[in-house]
Amino acid sequence: MSFSSLPTEIQSLLFLIFLIIYLVTLLGNSLIILVTLTDPMLHSPMYFFLRNLSFLEIGFNLVIVPKMLGTLLARDTTISFLGCAMQMYFLFFFGAAECVLLATMAYDRYVAICNPLHYPVIMNQRTRAKLAVASWFPGFPVATVQTTWLFSFPFCGTNKVNHFFCDSPPVLRLVCADTAMFEIYAIVGTVLVVMIPCLLILCSYIRIAVAILKIPSAKGKHKAFSTCSSHLLVVSLFYVSSSLTYFRPKSNNSPESKKLLSLSYTVVTPMLNPIIYSLRNNEVKNALGRTFRKALGLRICIP
């Protein structure tokens, strides 16, 4: 793994930074899960999908950060063959699932804003459950095929992964065989998994923008936009960082810059998502306040 060349002081500083990010991510997403489960005001479809996103972000974090912390603390930069394969598998799984889940959340916002009267009927409990399953499912075939295929190749040389974790491109460089078919599959698969949900999100927000512009009052427009602004910001963070990581031309993509960009969507974005939803959403802020007051044993009425 890619920390051994760094000075000891830098490794210690990185350990502290990643530990803080790790704890904030676990705490923030766990709070989102808690309040959306326990607060009756947050039992709408939007918060059901937000809870699924928080589970996803915790999974993303658990796949990457604990190993990084162990590497920085013990100065042990090795990872077993099986450990590398498992890390890559769950990285693909959570990555594919997040792409589809973000598209599902965009569809939920589209129905809420463009068909508000039919929203409770369309997004009933059964439909929500089906959409959630459909969001998580694509991660299984994507992760299984790509990881199994890649790790069936023979490896040679030093087996040194030039990355912070076992991502596909740096592991592929260690293969001693013709990987042309795998690379074609990986490119096509990545484009499908990333771009199809992205296009669905784009179409949903074009329809949402048209519907918002038809609202006569400025207050109504602001209220409608505020219900989807957090999701739009989360989508932008995820897609911009992941696209810069995997779709930049090789001539403009140094290994060091790619490693930093991959950290942004696998480590930093899961920390920012609950912060974005907490700061920009009054319902979540009020629910967190009620949860804290209840935990402290206070009986304060919140208007």
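What you are looking at is a predicted structure, and each value in this text was computed from that prediction instead of being measured.
- Looking at residues two or more places apart in sequence or on another chain, you find a side-chain contact (heavy atoms from CB on, under 4.5 Å) between Lys221 and Ile212, Ile215.
- With hydrogens and angles disregarded, a donor-acceptor distance shorter than 3.5 Å links the side chain of Ser226 to the backbone of Lys223.
- Residues Ile32 and Pro274 come closest through the heavy atom pair CG1-CB, 3.8 Å.
- Between Ile64 and Leu91, some side-chain heavy-atom pair lies under the 4.5 Å cut-off.
- Using the six-membered ring where Trp is involved, Phe60 and Phe94 have ring planes that are tilted, between 30° and 60° apart.
- Side-chain contact between Tyr239 and Pro197: present, with at least one pair of heavy atoms (C-beta onward) separated by less than 4.5 Å.
- Pro170 is not listed as a side-chain neighbour of Phe165, based on a closest heavy-atom distance of 4.5 Å or more.
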After noting the C-alpha distance and the side-chain angles of Phe15 and Leu69, does the key distance pass the side-chain contact (heavy atoms from CB on, under 4.5 Å) rule?
-> CA-CA 6 Å; Phe15 173 81; Leu69 291 174; 3.8 Å; yes
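- Two residues are said to be in side-chain contact when any heavy atoms from C-beta on lie closer than 4.5 Å; Met105 and Val234 fail this criterion.
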Apply the test side-chain contact (heavy atoms from CB on, under 4.5 Å) to residues Arg109 and Phe49: give CA-CA distance (whole Å), side-chain angles for both, the deciding distance (0.1 Å), then the verdict.
-> CA-CA 11 Å; Arg109 292 298 82 212; Phe49 294 121; over 6 Å; no
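- Other residues, nucleotides and ligands contribute at most 12 non-hydrogen atoms within 6.0 Å of the CZ atom of Phe90.
- A 6.0 Å sphere centred on NE2 of His43 holds more than 12 heavy atoms belonging to other residues, nucleotides or ligands.
- Taken to the nearest 0.5 Å, the CD1 atom of Ile33 stands 11.5 Å off from the OG1 atom of Thr38.
- Here disulfide (SG to SG under 2.5 Å) pairs that include residues 25-68, with residues two or more places apart or in two chains, number zero.
- Linking ILVMFWY side-chain heavy atoms closer than 4.5 Å, directly or via other members, places Leu192 and Val100 in two distinct hydrophobic clusters.
- Shortest non-hydrogen contact noted between Phe238 and Gly95 is CZ-O, 4.2 Å.
- In this structure, Ile113 CD1 and Ile208 CD1 are separated by 4.5 Å, a value rounded to the nearest 0.5 Å.
- Every side-chain contact (heavy atoms from CB on, under 4.5 Å) that Ala106 has, sequence neighbours left out, goes to Ile201, Ser204, Tyr205, His231.
- When the side chains of ILVMFWY residues are joined at heavy-atom separations under 4.5 Å, either directly or via intervening members, Phe18 and Leu27 end up in a single hydrophobic cluster.
- For residues 17-32, no residue pair satisfies the salt bridge (Lys or Arg N to Asp or Glu O under 4.0 Å) rule, not counting sequence neighbours.
- Taking Phe140 as the reference, Phe93 meet the ring pair (Phe, Tyr, Trp, His ring centres under 6.0 Å) condition, with sequence neighbours excluded.
- Note that CG of Leu233 and CD1 of Ile276 are 4.0 Å apart. Values are rounded to the nearest 0.5 Å.
- Closest of all the heavy-atom pairs between Phe155 and Leu150 is CZ-O, 3.8 Å.
- Among pairs with a residue in residues 36-48, those fulfilling salt bridge (Lys or Arg N to Asp or Glu O under 4.0 Å) read Asp39-Arg290, at least two apart in sequence or across chains.
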List the steps and the verdict of side-chain contact (heavy atoms from CB on, under 4.5 Å) for Thr190 and Val193.
-> CA-CA 5 Å; Thr190 302; Val193 168; over 6 Å; no
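- Under the 4.5 Å side-chain contact rule for hydrophobic residues, Phe48 and Val133 do not share a cluster.
- The distance from atom CG of Leu73 to atom CG of Leu16, rounded to the nearest 0.5 Å, is 12.0 Å.
- Pairing each heavy atom of Pro66 with each of Tyr22, the nearest pair is CG-OH, 3.8 Å.
- Put simply, the side chain of Ile58 does not reach to within 4.5 Å of the side chain of Thr25, judged on heavy atoms.
- In summary, of the residues considered (Val24, Asn61, Leu23, Ile20), a side-chain contact (heavy atoms from CB on, under 4.5 Å) with Met271 occurs for Val24 alone.
- Other residues sharing the hydrophobic cluster of Leu202, ordered by chain and number and joined by side-chain separations under 4.5 Å: Ile206.
- In this structure, the side-chain contact (heavy atoms from CB on, under 4.5 Å) partners of Tyr185, at least two apart in sequence or on a different chain, are Val145, Gln146, Trp149.
- Cluster annotation: Phe55 and Leu37 are assigned to the same hydrophobic cluster (Ile/Leu/Val/Met/Phe/Trp/Tyr, side-chain heavy-atom contacts under 4.5 Å, transitive).
- No continuous path of hydrophobic side-chain contacts links Leu117 to Val210 [ILVMFWY only; heavy atoms under 4.5 Å].
- A 4.5 Å side-chain heavy-atom check between Val191 and Ile196 finds every atom pair outside the cut-off.
- Here Cys114 pairs with nothing under the disulfide bond (SG atoms under 2.5 Å apart) rule; sequence neighbours left out.
- Residue pairs meeting the side-chain hydrogen bond (donor to acceptor under 3.5 Å, both in side chains) criterion with at least one partner in residues 45-58, sequence neighbours excluded, are Asn29-Ser54, Thr36-Arg51, Tyr47-Asn281, Tyr47-Glu283, Asn52-Trp136, Glu57-Asn273.
- At a threshold of 4.5 Å between non-hydrogen side-chain atoms, the residues Tyr110 and Cys203 do not count as touching.
- To the nearest 0.5 angstrom, Met86 atom CE is 11.0 Å from Ile79 atom CD1.
- In this structure, the separation between CE on Met68 and CG on Leu72 is 6.5 Å, given to the nearest 0.5 Å.
- With hydrogens and angles ignored, the 3.5 Å screen pairs a side-chain donor or acceptor of Ser80 with a backbone N or O of Gly83.
- Not a single side chain to side chain donor-acceptor pair (under 3.5 Å) links Asn115 to another residue, sequence neighbours left out.
- Inter-residue side-chain proximity for Asp108 and Tyr119 is flagged as met; some heavy-atom pair is nearer than 4.5 Å.
- For Arg128, the CZ atom is densely surrounded, since the number of other residues' heavy atoms within 6.0 Å is greater than 12.
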Begin with the C-alpha distance, continue with both residues' side-chain angles, and end with the deciding distance and a verdict on side-chain contact (heavy atoms from CB on, under 4.5 Å) for Phe151 and Val171.
-> CA-CA 9 Å; Phe151 279 86; Val171 174; 4.2 Å; yes
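- Between the Asp178 side chain and the Ala180 main chain, a donor and an acceptor come within less than 3.5 Å of each other.
- Annotation: disulfide (SG to SG under 2.5 Å) contacts involving residues 39-84, sequence neighbours excluded, comprise Cys84-Cys166.
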